Amino acid sequence: MDASISLFELGWQTYFQQQLSLDDLEAHKIARVCRVEPSNYTLLSEQGLISLAVQPSQPNMTIGDWVIVNSDNQFVRKLDRSALFNQEQKLIASNIDTVLIVSALDDNFNIELIKRYLELVHEAESDAIVVLTKADLCDETEVDEKRDRVQRLNPLLMIETVNTKSAEPVEALKSFFKKGKTIAILGAPGAGKSRLVRSLIDLDDANTHFSVAQDSLFRLPNGSVLLDSPELRELQASEAMSSASGLEVVAKLAEKCRFNDCTHSNEPGCAVRKALDDGEVEEQRVKAFKRANFSYDEDSSSKSKPHDKFHRSAHSDARARKHSITE
Ligand SMILES: Nc1nc2c(ncn2[C@@H]2O[C@H](COP(=O)(O)OP(=O)(O)OP(=O)(O)O)[C@@H](O)[C@H]2O)c(=O)[nH]1
Ligand SMILES: [Mg+2]
Ligand SMILES: [Zn+2]
């Protein structure tokens, strides 16, 4: 449905409005990036889709960015961002107000991954809400116990426990879906992201889509916007990756270190360092492993069996990297 999109429906807010000049108001158009290709950006505006060729003189842009173009649809400038997700200098998505961190309450419950997603959201300067799915598959004590573990990460954290196969998510989440808010979803494969989305919006309803020619921005209840993109899915998958099989590789190496309490920094006989120097393991994995080990030390309840966790979640990794939330 290409007709009648308002800027507010696209996630426009005071923060961006304040950056406009008189020229912008009188002669320019405001648009939001909804697709990034190597040589082209696609933007959504009140006037419909705009195609913008990538030029060396432009700043790097990403999905979610607000852009000013002139009446000939030429780039004028990019507005300052309220939030930005990036990974190793690569821009992932911008201007996301709230991220739903989705994690299942069943055997795939993974507190380390929730923690990691919370870090990402914090670094991006967005807000997080943890949505614990599959509450219907667990008994009440188990739900309470896992919810408490998440709450202990941060006493102020918003947490909702839901069964995505019911109408619960809409009830639980609609107060967070305020007009003009941009929402994204992060979660491991199988966590229930697609089910959650389908419990919130009707993807067969043309009204849910701003335009048939893009599949990154959708209308959510109460005038919020859902942002989903291949880059964001890749980010969440790579984090899920480093939480499981990726760490297992390093854990196996660490068993061969000379010292039991090796920190894999510069101890003699460190098998992890050697593998790094020999290029047999990626630095990213080692970093993720150190991060995870550090948190095991903090949380004695899971310290005893980090390997169980690697094995348990390793199989879920193998499942699809790039499944869209909505499929
Ligand atoms: N009983 C129950 N099943 C659920 C719930 N949420 C998701 N499921 C089921 O769990 C499975 C995975 O859910 P999806 O929504 O496809 O998970 P996803 O996060 O989109 O997974 P990927 O697309 O692989 O990343 C599906 O079979 C769902 O029906 C829930 O709250 N309760
Ligand atoms: Mg999915
Ligand atoms: Zn070592």
Side-chain angles (χ1 to χ4, degrees), residues 99-110 113-114 117 130-140 142-143 146-147 159-173 184-201 203 215-216 218 226 228-241 243-244 247 249-278 280-281 283 285-287 289-290 292-294 313 315-327:
V99 176
L100 307 180
I101 297 177
V102 179
S103 175
L105 283 159
D106 63 6
D107 289 347
N108 292 308
F109 179 79
N110 183 340
L113 189 55
I114 296 176
Y117 286 140
V130 175
V131 182
L132 299 173
T133 61
K134 310 194 190 185
D136 54 309
L137 299 181
C138 309
D139 64 41
E140 233 171 274
E142 199 180 352
V143 171
K146 286 176 176 161
R147 194 198 163 102
I159 307 169
E160 297 293 341
T161 55
V162 296
N163 166 9
T164 66
K165 294 185 161 179
S166 71
E168 278 170 27
V170 182
E171 282 311 308
L173 297 170
I185 296 180
L186 288 176
K193 301 179 295 295
S194 301
R195 289 281 335 179
L196 177 65
V197 166
R198 269 182 277 146
S199 76
L200 298 171
I201 54 179
L203 288 161
D215 49 9
S216 297
F218 305 87
L226 173 68
D228 174 32
S229 70
E231 293 80 5
L232 210 52
R233 292 196 288 272
E234 215 166 293
L235 172 74
Q236 74 189 357
S238 74
E239 290 301 333
M241 199 72 124
S243 89
L247 299 197
V249 171
V250 188
K252 286 233 167 72
L253 285 168
E255 284 170 9
K256 294 184 202 141
C257 292
R258 185 179 304 162
F259 303 112
N260 274 342
D261 58 351
C262 187
T263 64
H264 325 298
S265 308
N266 36 34
E267 290 90 342
C270 172
V272 174
R273 265 254 67 97
K274 182 172 185 305
L276 253 183
D277 293 343
D278 296 347
E280 283 164 10
V281 64
E283 191 163 8
R285 288 194 180 203
V286 175
K287 277 192 186 152
F289 175 78
K290 285 187 180 177
N293 261 15
F294 179 67
S313 27
H315 74 273
S316 58
D317 269 5
R319 292 199 284 137
R321 267 174 66 74
K322 285 195 190 174
H323 283 181
S324 101
I325 322 187
T326 50
E327 74 195 5

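Model, not experiment: these values are computed from the prediction. In listed order, ligands and their atoms are each counted from 1.
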Does an N or O from Thr133, backbone or side chain, lie closer than 3.5 Å to an N or O of ligand 1?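 No, Thr133 has no N/O under 3.5 Å of an N/O on ligand 1.
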Would Ala135 count as a polar contact of ligand 1, with the cut-off being nitrogen or oxygen pairs under 3.5 Å?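 The answer is no, given that Ala135 and ligand 1 share no N or O pair closer than 3.5 Å.
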Taking side chain as C-beta onward, heavy atoms only, is [X] less than 4.5 Å from [Y]?
X      : Y      : answer
Pro268 : Phe259 : yes
Pro169 : Arg195 : no
Val102 : Tyr117 : no

Distance under 4.0 Å to a non-hydrogen atom of [X]: what atoms of ligand 1 satisfy this?
X      : answer
Leu137 : 1 (N)
Asn163 : 30 (C), 31 (O), 32 (N)
Ala191 : 17 (O), 19 (O)
Ala188 : 19 (O)
Thr164 : 5 (C), 6 (N), 7 (C), 30 (C), 31 (O)

Residue of the set Lys274, Glu280, Arg273 for which side chain to side chain contact (heavy atoms under 4.5 Å, CB included) holds with Asp277: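 That would be Arg273; it is the only one of Lys274, Glu280, Arg273 passing the side chain to side chain contact (heavy atoms under 4.5 Å, CB included) with Asp277.
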Using the side chain to side chain contact (heavy atoms under 4.5 Å, CB included) rule, pick out the option among Asp228, Leu232, Leu226 that qualifies with Ile185.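 So the option named by the test is Leu226.
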Which option out of Gly190, Ser194, Ser199 puts a heavy atom nearest to atom 16 (O) of ligand 1? Ser194
Nearest neighbour of atom 1 (N) of ligand 1 from the list Ile185, Leu196, Thr161, Asp136, on a heavy-atom basis: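 Among Ile185, Leu196, Thr161, Asp136, the closest heavy atom to atom 1 (N) of ligand 1 belongs to Asp136.
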Only N/O/S atoms count here: what is the atom of His264 closest to the Zn ion (ligand 3) called?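 Nearest to the Zn ion (ligand 3) within His264's N, O and S set: ND1.
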Just verifying a value: how many Å separate Lys146 NZ and Ser103 OG, rounded to the nearest 0.5 Å?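 Answer for the NZ-OG pair, Lys146 versus Ser103, is 9.0 Å.
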Heavy atoms from other residues, nucleotides or ligands near CG of Asp278 exceed 12 (cutoff 6.0 Å):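 It does: Asp278 CG has more than 12 such atoms within range.
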